[in-house]
Amino acid sequence: MIDLGLAKDIAKVTVNGIEIGAAWTPPYQVDITKALKKGENTLDIKVVNTWVNRLQGDALLPVEKRITSTHLRVDQGAGLEPSGLLGPVKIDLVNY
């Protein structure tokens with residue numbers, strides 16, 4: 001089992017080239033047993049967050065330099081939300 005700790009907002013886990021699954025709610029855990037092999041293993045975790053940070057960043061740019069647009073009003077003073085794999089990441093190999 002891999003415990004990602006905290007992931008903002010969706011984490012996709014791949015082990016040895018095998019897509020295992022995604023975690024998007026606590027406890028952000030994925031069973032990686034079926035992809036593990038004896039010896040060296042390769043772990044890949046891709047994390048996707050919401051558009052909030054992109055919209056916040058674009059709101060600070062001149063209109064002609066913005067990448068996104070929305071009809072929603074963006075609070076420029078709100079700051080960026082935490083994003084990415086915030087961890088701590090732990091792998092439990094007790095049952096392997």
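Keep in mind that the numbers below use all heavy atoms, side chains included, and drop hydrogens, waters and symmetry copies.
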Where do [X] and [Y] come nearest, in terms of heavy atoms and distance?
X	Y	result
Val47	Ala11	CG2-CB, 4.2 Å
Asp9	Tyr28	O-CE2, 4.2 Å
Leu85	Ile45	CD2-CD1, 4.0 Å
Asn49	Lys8	CB-O, 3.6 Å
Arg54	Thr68	CG-CG2, 3.4 Å
Asn41	Ala35	OD1-O, 4.1 Å

- Message: So Ile18 and Ile32, do their side chains get closer than 4.5 Å, heavy atoms only?
- Response: no
- Less than 4.5 Å apart, any side-chain heavy atom of Asp3 and any of Met1? no
Inter-residue atom distance [X].[atom1] - [Y].[atom2], 0.5 Å rounding:
X	Y	atom1	atom2	value
Leu6	Leu86	CG	CG	4.5 Å
Leu60	Leu80	CG	CG	8.0 Å
Ile67	Leu61	CD1	CG	7.5 Å
Leu4	Gln29	CG	CD	8.5 Å

- Query: Can Ile20 be reached from Ile10 by stepping across I, L, V, M, F, W or Y side chains whose heavy atoms are under 4.5 Å apart?
  - Reply: no
- More than 12 heavy atoms from other groups under 6.0 Å of CD on Glu40: no
- For Thr42, does its backbone N or O pair with a side-chain atom of Asn16 as donor and acceptor, under 3.5 Å? yes
- Task: Examine distances only and state if a side-chain atom of Asn53 and a backbone atom of Glu81 form a donor-acceptor pair shorter than 3.5 Å.
- Result: yes
- Residue set satisfying salt bridge (Lys or Arg N to Asp or Glu O under 4.0 Å) with Lys12, at least two apart, ordered chain then number -> Glu19
